[in-house]
Amino acid sequence: EESKVKKDKVKKGKADGVIKIYKFHRGKKTECKLVGFEFYTKDLKEVASKFGKKFCCGSSVLNDEKLGECINLQGDVENGDVDLWDYLEQDKFMAKLKIDTDKIEFEDMGKKKGRKRA
């Protein structure tokens, strides 16, 4: 029953337009997973591409086993050289999506452990 409750919470987050940015740390690198863009656009690949170019990092859409479909960024969008909020408001493509910057939440997930290495 617990997993059912968790799934409902995730659905509610998407429904009201909240964007969650989960940060994972691996050594000196940071990886961010962005969830909630489905509320604003169907074309997640386009959004991922724009983020990759703007933040100069690898960016893709992937299906995470815990978070579901999300945009994966190889870099830190919170503390980088580019301000995320300015970018969402000033970029023409992002401005069209009308993303409510008050609904962006960061969550630090700590170190990414337990990965199987080849």
Side-chain angles (χ1 to χ4, degrees):
E1 283 185 34
E2 278 183 39
S3 62
K4 202 173 193 182
V5 173
K6 283 182 184 173
K7 282 182 181 173
D8 288 346
K9 281 185 183 176
V10 170
K11 290 270 190 282
K12 281 180 188 167
K14 288 179 184 173
D16 60 11
V18 172
I19 292 176
K20 287 208 171 210
I21 300 176
Y22 298 97
K23 289 168 57 169
F24 297 90
H25 303 283
R26 289 187 310 185
K28 292 180 182 176
K29 294 185 174 154
T30 303
E31 186 178 271
C32 294
K33 294 193 178 188
L34 292 74
V35 179
F37 277 95
E38 305 85 14
F39 181 79
Y40 299 98
T41 179
K42 296 261 187 280
D43 195 359
L44 289 182
K45 284 186 180 174
E46 178 74 18
V47 175
S49 168
K50 296 276 183 192
F51 272 119
K53 287 175 185 163
K54 187 65 183 176
F55 292 97
C56 302
C57 63
S59 176
S60 63
V61 176
L62 57 87
N63 227 333
D64 189 79
E65 54 196 43
K66 290 180 183 169
L67 304 174
E69 195 172 35
C70 62
I71 296 172
N72 190 46
L73 281 177
Q74 304 289 326
D76 190 349
V77 293
E78 188 177 22
N79 303 317
D81 298 333
V82 181
D83 186 45
L84 177 66
W85 284 267
D86 287 348
Y87 175 58
L88 291 176
E89 288 170 359
Q90 292 167 5
D91 184 74
K92 285 179 188 174
F93 176 80
M94 293 297 175
K96 276 186 200 169
L97 299 180
K98 295 184 174 63
I99 294 168
D100 187 351
T101 50
D102 296 337
K103 292 190 173 184
I104 296 175
E105 299 172 6
F106 283 92
E107 195 171 322
D108 205 316
M109 303 299 277
K111 291 188 168 63
K112 211 171 187 182
K113 288 184 179 173
R115 296 186 122 198
K116 290 178 183 165
R117 296 211 173 131

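Note that this is a predicted model, so its numbers are computed, not measured.
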Honestly curious: do F37 and F93 fall in one hydrophobic cluster under the side-chain, below-4.5 Å linking rule?
-> yes
E89: salt bridge (charged side-chain N to carboxylate O under 4.0 Å, His left out) partners, not counting sequence neighbours | none
Quick one: pull up NZ in K66 and CG in N63 and give me the separation to the nearest 0.5 Å.
-> 14.5 Å
Is the NZ or CZ atom of K98 both under 6.0 Å from the centre of the six-membered ring of Y40 and within 45° of that ring's axis?
-> no
Intermediate values then yes/no, side-chain contact (heavy atoms from CB on, under 4.5 Å), D64 and K33 = CA-CA 9 Å; D64 189 79; K33 294 193 178 188; 2.7 Å; yes
Could you tell me whether the side chain of I104 reaches within less than 4.5 Å of the side chain of L88, counting heavy atoms only?
-> yes
Got a salt bridge between E78 and K23, using NZ or NE/NH1/NH2 to carboxylate O under 4.0 Å?
-> yes
Taking side chain as C-beta onward, heavy atoms only, is D108 less than 4.5 Å from H25?
-> yes
Side-chain contact test, heavy atoms from C-beta onward, threshold under 4.5 Å: evaluate it for I19 versus K103 and give yes or no.
-> no
Interatomic spacing from OG1 in T30 to CG in D76 - rounded to 0.5 Å = 4.5 Å
In Å and rounded to the nearest 0.5 Å, what is the CG to CD distance from L34 to E69?
-> 12.5 Å
Would you list the pairs meeting ring-ring contact (aromatic ring centres under 6.0 Å, His included) in which at least one residue belongs to residues 62-86, sequence neighbours left out?
-> W85-F106
Check the pair C57 / L73 against side-chain contact (heavy atoms from CB on, under 4.5 Å), numbers first and verdict last.
-> CA-CA 7 Å; C57 63; L73 281 177; 3.8 Å; yes
Check: Y22 and V35 side chains under 4.5 Å, non-hydrogen atoms | yes
Tell me, with the steps shown, if L84 and F55 meet side-chain contact (heavy atoms from CB on, under 4.5 Å).
-> CA-CA 9 Å; L84 177 66; F55 292 97; 3.9 Å; yes
Test side-chain contact (heavy atoms from CB on, under 4.5 Å) on V18 and E105 and set out the steps.
-> CA-CA 7 Å; V18 172; E105 299 172 6; 3.6 Å; yes
Can E31 and R26 be counted as an ion pair, charged N to O under 4.0 angstrom?
-> yes
Using a 3.5 Å cut-off and no angle test, enumerate the donor-acceptor pairs between side-chain atoms of residues 41-53 and protein atoms at least two apart in sequence or in another chain.
residue: T41; atom: OG1; partner: D43; partner atom: N; Å: 3.1
residue: D43; atom: OD1; partner: E46; partner atom: N; Å: 3.3

Which atom pair, heavy atoms only, marks the closest approach of K20 to E107?
-> NZ-OE1, 3.9 Å
Hey, is the main chain of S59 close enough, under 3.5 Å, to the side chain of N72 for a donor-acceptor pair?
-> no
Electrostatic pair D91:K54 at N-O distance under 4.0 angstrom | no
